[in-house]
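Here the structure is laid out as C-alpha cells; the discussion comes afterwards.
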Amino acid sequence: MYTPETEKEQFEKIRTLLYPNADAACKELAQEIKTLIEIRRAEGKKAVLGLATGSTPTRLYRELIRLHKEEGLSFKDVITFNLDEYYGLAPDHPESYHRFMREQLFDHIDIPAENTNVPSGTVRRKDVFSWCQDYENKIDESGGLDLQILGIGRTGHIGFNEPGSGKESLTRLVNLDSLTRLDAARDFLGMENVPRHAITMGVGSIMKARKVVLMAWGEGKAGVIAKAVEETPVESLPASFLQGHPDVRFIVDQAAGSELTRIKFPWLVGAMEWDPRSIRKAINWLSTKSTKPILKLLDEDYNEQGLGDLLTSSGPAYTLNITAFNDVQHTLTGWPGGKPNADDTHRPERAEPHPKRVLILAPEPQDAVLGMGGTIHRLVDQGHEVALAYLTSGNLAVPDSDAIKATELILDMANATEDADNVVVNKARDVRKELLKKGDQSTDSKNVRHIKAHIRRGEARAACQECDLTSDHILFLDLPFYENGRYRQFNLTDADTDAVTQLLQEIKPHQVYITGNQADPSSVQALGFETVRRSLVNCSEEDWLQGCFVWLYRSHGREWDIHEIDMAVPLSPDELARKTKGIYQHQTQRNQAPMSRHSGGEAWQQAEAADHHLANRYDSLGMAEYEAIEGFRRLEINNQL
Ligand code: F6R
C-alpha cells in the first residue's frame with residue numbers, strides 16, 4: 001500500500017506525479033522504457049511491454065520512435081501485448097487498434113511483427129472465449145509484463161474494463177459504456193458507427209504486470225483521476241483497483257491533476273500561502289459548501305470548514321466576505337470590449353481605446369459560438385472591429401452523408417440550369433462517386449475534404465449571422481497541421497505559426513480570444529491554442545502586444561470555476577436564444593458533441609445548460625440573477641505565455 005510522502009498528498013493512494021505538460025512526462029517515461037529494454041537485454045532476456053492505444057500514448061510513441069531513429073534504441077528483442085481491440089473491426093479499418101499501432105509505432109521501429117500482439121477484432125464469436133484464454137496464456141508464457149502502459153477513460157476504464165469490471169477479470173469480450181462510445185464518436189463520425197463490443201485484457205491481467213504506469217492529459221481526465229487516486233476502490237471505477245498494485249504510478253499534466261485535493265482544495269491538506277486568487281477560490285468554495293451567499297458567511301463557517309487560518313491572517317469574516325464579494329462582482333460586465341467614457345478601475349476591460357480591434361480565434365468552427373456566441377454579438381453591437389478567424393476548416397468532422405447531400409445539390413442545380421459540364425459540377429460528380437463507393441475502410445481524399453470544408457464554411461457564416469458578424473469579418477485560415485493531418489496525427493510546423501503570426505501583425509488586436517489551453521494536447525483545440533501561443537511569443541517584441549488583452553474562453557470540457565473567471569458576460573434570454581440559433585447552424589455537428597461541456601444532449605443544449613449553470617453559480621454566491629453567463633479568463637502575456 002502506497003504511503004504519501006508529503007502532507008499535501010495525504011488523501012492520495014497512488015503515487016501521482018504532475019508534469020508541466022505531456023511532452024515532459026513522455027520524455028521521462030520513454031527513457032525508463034529504454035533503460036528497461038537495455039537491462040533485459042543485458043540479462044539475455046526480452047523486455048515485455050503492455051501497450052495502450054488512444055490519444056494518450058501518442059506522444060510517448062513519438063518519443064520512442066525518436067529514440068530508435070536518433071539514438072539507436074533497438075526493439076528487436078522486445079515483445080508487446082496490446083490491451084484491447086474493438087470487436088468487429090478488421091485490422092485495416094482506420095479506427096482499428098491494429099492499424100493504430102502500426103501507424104503510430106510498429107511501422108517506425110525495428111520490432112519484429114511476430115513479437116507484437118494485439119487482441120483480435122475478427123475472431124468468430126464462438127471462438128472468443130478460447131481465444132482470450134490463449135492471449136492470457138501467451139502473456140504468462142512470455143514471462144509476464146514488465147511494464148504496463150495505460151490511459152484512462154472518462155468512465156474510469158483501463159483497457160476497456162468499463163464500470164462493473166471485477167478486480168480479477170481476465171481477457172474477455174466486453175460491452176462498451178455509452179460515455180466511452182460518445183468519446184469515440186468523433187473518430188467514427190457519429191456514435192452510431194462506434195462498435196458496441198471490444199476484447200480487452202482484464203483488470204486482473206493488468207494487475208499481474210510487474211509495473212504499471214497510467215498517463216492522463218487534459219482537463220477531461222481531471223475528475224476521474226482524482227477519484228481513482230483518492231477514493232475507495234470500487235467496481236464502478238475500475239482504475240481505482242490500481243490502488244492495490246505494489247508498483248504503480250500515475251503521470252499527469254497540470255490540467256489532468258487539477259481535481260486532486262492538493263490542487264483543488266489545498267487548504268484542506270496543509271498550510272497555505274494565501275494570495276488574492278486562492279482567497280477568492282476558498283471563499284467561493286466555502287459559500288457553495290455551506291449553501292450561503294458570500295455576504296452571509298460567519299466566522300463559524302470559516303472555522304468549521306477548515307479555513308480558520310485564513311480567518312486568523314485576514315479576517316474577520318465580514319472583511320473577507322466584502323473583499324471576496326467585490327472581487328466576484330467586478331468580474332461581471334455587459335461591456336466585454338470595455339465601457340467607453342466610464343471609470344474602468346474595477347472593470348475587467350479597459351475603457352479606452354474605443355472601438356477596439358478584436359480578434360477571435362476558433363480552433364474548430366463551432367468553438368467560437370459555443371463558447372462566446374453572446375459575447376461576439378455584444379462586441380459587434382458595441383461598435384468594435386471584430387474579426388473571427390477559423391484556424392481549421394473542421395472538414396474531418398463532416399459525415400459523408402452531408403457531403404453527398406451537398407454534391408447532389410450542386411448536380412441538381414447544374415441539371416436545372418443545363419450547365420452540366422463545368423469544373424465545379426465535374427468535381428461534385430467525382431466526389432459523389434468517390435463517397436458512394438468509399439465504405440468504412442478508407443480516409444477522405446483531398447477533393448472530399450475540400451467539399452466538406454466548404455460545407456463547414458457555410459455553417460460558420462450562418463452562425464456568424466446570428467451574432468451580426470458579416471462575412472467580410474470572417475477569415476478561414478485552414479492551418480496546414482489540420483489540412484495535412486488526421487486525428488491523433490497532427491503535427492504543428494512553422495507554417496501554422498507563421499499564418500497566425502502574420503494575422504496578428506496585420507490586425508494588431510487590442511483583444512484576442514482563444515480557447516483550448518487545458519484541452520487534451522492531441523485535440524484540435526489544444527493544437528490551436530498552442531499555435532496561437534507560439535505566435536504571440538513571436539510577436540513579443542512588438543509594441544501593440546503590450547496593449548493587448550488575451551482572453552480565454554471555454555468551448556468544450558469542464559466549466560470554469562468562479563475563481564478562475566476574470567470576466568463574466570451576462571446574456572439576456574433573447575441573447576441566449578440567438579446564440580443557440582447560431583450553434584444550431586453548425587448542422588453537421590449535431591450528432592457529434594464529443595466532450596460534453598455539461599451533461600448530455602446536443603452541443604447547443606450543452607452550451608445552454610453550461611451558461612445557465614454559470615449564471616446560477618453567480619446567483620447563489622449572492623450576485624444578481626441572470627439568465628445565462630459566458631465566462632473568460634485573462635492570460636497574462638508577460639508571465640503565462
Ligand atoms: C486504449 C485503452 C483505453 C484508453 C482510454 C483513454 O487501448 O485501453 O483505456 O486508454 O480510453 O483514451 P484516450 O487516450 O483516447 O483518451
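Indexing begins at 1, ligand by ligand and atom by atom, following the structure's order. Since this is a predicted model, take the numbers as computed values, not measurements.
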Does the pair Tyr86 and Phe188 meet the rule for a ring pair (Phe, Tyr, Trp, His ring centres under 6.0 Å), with working shown?
-> CA-CA 12 Å; Tyr86 290 112; Phe188 284 88; 5.3 Å; yes
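- A salt bridge is absent between Lys227 and Glu231: the closest approach of a Lys/Arg side-chain nitrogen to an acidic carboxylate oxygen does not fall below 4.0 angstrom.
- For ligand 1, the polar-atom distance check finds no N/O of Tyr97 at less than 3.5 Å from any of the ligand's N/O atoms.
- Against a heavy-atom cut-off of under 4.0 Å, Ser55 is close to the following atoms of ligand 1: 13 (P), 14 (O), 15 (O).
- Near Lys221, meaning under 4.0 Å from any of its heavy atoms, are these atoms of ligand 1: 6 (C), 13 (P), 16 (O).
- The ring pair (Phe, Tyr, Trp, His ring centres under 6.0 Å) contacts involving residues 207-248 comprise nothing, where partners must be two or more places apart or lie in separate chains.
- Aromatic pair Phe490/Phe481: centroids less than 6.0 angstrom apart.
- Every atom of ligand 1 with a heavy atom of Gly151 under 4.0 Å away is listed here by number and element: 10 (O).
- A parallel orientation is assigned to the rings of Tyr135 and Trp131, their planes being inclined by less than 30° (bins at 30° and 60°).
- Of the protein's non-hydrogen atoms, the one nearest atom 8 (O) of ligand 1 is Asp84 OD2, 2.6 Å.
- The proximity of Thr53 to ligand 1, defined as any non-hydrogen pair under 4.0 Å, involves the side chain as well as the backbone.
- Between Phe106 and Phe75, the distance separating the two ring centers is not shorter than 6.0 angstrom.
- The protein atom (non-hydrogen) at minimum distance from atom 14 (O) of ligand 1 is Thr56 OG1, 2.4 Å.
- For Asp247, there are no side chain to side chain donor-acceptor pair (under 3.5 Å) partners two or more places apart in sequence or in a different chain.
- The option with the heavy atom closest to atom 4 (C) of ligand 1, from among Glu162, His157, Arg154, is His157.
- Only backbone heavy atoms of Ile152 (N, CA, C or O) come within less than 4.0 Å of ligand 1; its side chain stays farther off.
- Interface atoms of ligand 1 facing Gly54, defined by a heavy-atom separation under 4.0 Å, are 14 (O), 15 (O).
- Atoms of ligand 1 lying under 4.0 Å from any heavy atom of Leu83, numbered from 1 in the order shown and given with element: 8 (O).
- Closest heavy-atom contact between Ala30 and Glu63: CB-CG, 3.3 Å.
- Lys46 approaches Asp146 most closely through the heavy-atom pair O-OD2, 4.0 Å.
- In terms of polar-atom proximity, Gly159 is counted as a contact of ligand 1, with an N or O under 3.5 Å from an N or O of the ligand.
- Each of the following atoms of ligand 1 lies closer than 4.0 Å to a heavy atom of Ala52: 7 (O).
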